[in-house]
There are 2 protein chains.
Amino acid sequence: MDTTALDASYFDEQLYVKHVAVDNVIFGYHDRELKVLLQRPNYQQKWTVAGGYVRKTESVEEAAHNIAFLRTGLKDLFLEQFRSFGNPSRTKEDWLAIKKSFENAGVQPPPDSWILDYSVSIAFYTLTEFSLVSVQKGPFDEALEWWPVAQLPPMMFDHALIIEEALKALRRDIYHYPIGYELLPRKFTLPEIHSLYETILGKTLDNRNFTRKLMSSGIIKKLDEIRSIGAHRSPYLYKFEKKKYDAALKNGIFLGF
Amino acid sequence: MDTTALDASYFDEQLYVKHVAVDNVIFGYHDRELKVLLQRPNYQQKWTVAGGYVRKTESVEEAAHNIAFLRTGLKDLFLEQFRSFGNPSRTKEDWLAIKKSFENAGVQPPPDSWILDYSVSIAFYTLTEFSLVSVQKGPFDEALEWWPVAQLPPMMFDHALIIEEALKALRRDIYHYPIGYELLPRKFTLPEIHSLYETILGKTLDNRNFTRKLMSSGIIKKLDEIRSIGAHRSPYLYKFEKKKYDAALKNGIFLGF
DNA sequence: TTAATAGTGTCTCTAAGACATTATTCC
DNA sequence: GGAATAATGTCTTAGAGACACTATTAA
């Protein structure tokens with residue numbers, strides 16, 4: 001939230017639902033690291049999660065999808081609402097900096113704009129395959145970058161907390177949904193998905209037990225292809241079984257790693 | 001939400017965060033039934049969940065606690081935020097009825113009041129011990145009653161959905177938190193807690209396995225007392241082990257029933 | 001003694017977890 | 001053949017789930 005506030009159209013008080021923001025923690029996976037897509041508004045030192053507001057004609061879920069689309073160019077990403085944040089002080093401290101940013105951008109917010117007031121943020125997280133994303137910063141962002149969740153830059157507002165909670169929700173959900181589908185390329189190797197789970201859960205998983213459980217769930221399938229890279233044994237490629245995957249999404253599964 | 005809107009002070013646009021409502025699904029347990037505390041506004045046929053708005057000086061969690069306190073007279077109840085609801089049509093259909101209720105109550109809302117506009121509802125559920133509650137209806141409620149979740153009356157807005165989702169969240173959380181503590185009297189019998197879990201989960205649980213697992217978790221403790229009722233063997237009383245219970249709340253446990 | 005409900009023990013089977021060796025590829 | 005990484009099988013153990021009888025009370 002709060003960031004895309006810099007888009008001038010947000011001052012249109014008829015278009016948006018006042019006092020309600022949507023923040024979307026966009027996760028990506030690359031180089032054996034879990035990353036978050038963050039933006040830094042013009043003239044700001046601190047970063048924010050991808051955010052925006054809710055049009056009066058759309059649902060909060062649609063707003064969250066729009067935010068993801070704006071920054072990644074991708075539609076229909078996996079998206080989960082995990083919590084809302086609302087208290088009088090969560091944004092106060094950083095308002096002045098934000099206001100300055102408005103002015104630096106040549107936009108003069110009305111002094112009593114609702115954007116500067118108490119606002120509740122409905123937080124989502126989104127999963128996306130890293131290589132598909134070509135990040136697109138907004139007109140008022142100085143930067144839009146992937147950051148490793150393990151080493152975040154200084155964050156505005158309560159956004160460090162929001163990311164922390166998103167990560168908790170992701171770690172909870174990984175046991176119930178086949179998360180890998182969203183974070184890996186269509187074809188992937190066992191070591192890749194193994195490393196993904198280790199990264200997200202932040203612990204090592206025995207490779208034999210991991211493979212056994214994953215295969216017995218039936219959601220991935222071995223292909224008759226090999227990826228040749230390097231001076232060592234080449235790994236087989238795997239893909240998700242769409243049917244099993246959809247069923248798992250819908251009904252939940254239990255993957256007790 | 002939406003209901004306590006009938007309180008005239010909600011028209012004070014300075015006091016409350018506009019467009020943000022809090023709905024609180026208050027669960028109680030009695031007579032081997034899981035119940036929800038519902039209110040019916042004056043002159044309305046349909047019922048609503050306990051709800052209200054957020055003061056600009058408080059957090060959404062505080063608002064939810066206040067709502068629970070207003071209706072039950074109890075503080076510090078177990079309270080979980082489980083989802084937010086926001087789309088353009090969720091309340092539309094029932095606005096006219098609500099407006100009528102405003103007027104019947106002798107209160108004339110300004111025609112463009114934010115209360116009638118798009119509003120997002122942040123939904124919580126609360127657990128409370130049935131016998132402790134003396135329900136207190138608000139000035140604009142015609143009724144405030146416990147209803148069995150299995151047989152709900154006609155509900156306003158999307159409140160049937162909200163209750164359904166609250167129940168899903170409760171069923172999810174029952175595996176991770178020692179829910180019984182909030183819904184049972186301080187001293188209770190094994191058949192009582194057994195029946196509580198069966199009711200919430202909507203399935204029968206083998207009494208021997210249930211007892212074994214519950215006791216091995218250590219969160220309840222057998223007392224040296226018996227409750228004498230009826231022409232049959234009298235059950236022992238149990239109580240929760242506060243320390244183990246607090247640890248379970250904080251760190252989560254796994255009760256795989 | 002009977003009717004009603006409370007309380008408890010054992011067996012089986014599945015699956016989680018611990019653990020180490022062999023296989024492939026390229027240099 | 002050596003270095004690097006991929007792949008795979010077995011044993012042990014804990015716990016989930018199925019199952020039925022005995023104990024207590026009061027009428």
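Per chain, numbering begins at 1; letters A, B, ... match sequence-line order.
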Roughly, in whole Å, what's the span from [atom1] in [X] to [atom2] in [N]?
X	N	atom1	atom2	value
F210(A)	dA6(D)	CZ	P	13 Å
E225(B)	dA6(C)	CD	P	17 Å
F257(A)	dA15(C)	CZ	C1'	13 Å
E192(B)	dT5(C)	CD	C1'	13 Å
M215(B)	dA6(C)	CE	P	16 Å
H232(A)	dT25(C)	NE2	P	12 Å
Y175(A)	dA16(C)	OH	C1'	13 Å

* Structure fact -> Hits for salt bridge (Lys or Arg N to Asp or Glu O under 4.0 Å) against E80(B), two or more places apart or cross-chain, chain-then-number order -> none

* Among all residues two or more places apart in sequence or in another chain, which pass the salt bridge (Lys or Arg N to Asp or Glu O under 4.0 Å) test with E164(B)? -> none

* Classify the ring geometry between Y181(B) and F240(B) as parallel (under 30°), tilted (30 to 60°) or perpendicular (over 60°). => perpendicular

* Asked: Listed by chain and number, what are the side-chain hydrogen bond (donor to acceptor under 3.5 Å, both in side chains) partners of Y245(A), not counting sequence neighbours?
  -> E182(A)

Result block: side-chain N/O donor-acceptor pairs under 3.5 angstrom for residues 128-136 of chain A, not counting sequence neighbours:
from	atom 1	to	atom 2	distance (Å)
E129(A)	OE1	S131(A)	OG	2.5
E129(A)	OE2	S131(A)	N	3.1
E129(A)	OE2	S131(A)	OG	3.4

Would you tabulate the side-chain donor-acceptor contacts of residues 206-216 of chain B under 3.5 Å, counting partners in other chains and residues two or more places apart, or write 'none'?
from	atom 1	to	atom 2	distance (Å)
D206(B)	OD1	R208(B)	N	3.0
D206(B)	OD1	N209(B)	N	3.0
D206(B)	OD2	R208(B)	NH2	3.1
N209(B)	OD1	R212(B)	NH2	2.5
T211(B)	OG1	N207(B)	O	2.8
K213(B)	NZ	G256(B)	O	2.6
S216(B)	OG	R212(B)	O	3.4
S216(B)	OG	K213(B)	O	3.0

* What string of B, S and - do you get for nucleotides 7-16 of chain D, 5' to 3', when a contact is any protein heavy atom under 4.0 Å? -> SBBB-----B

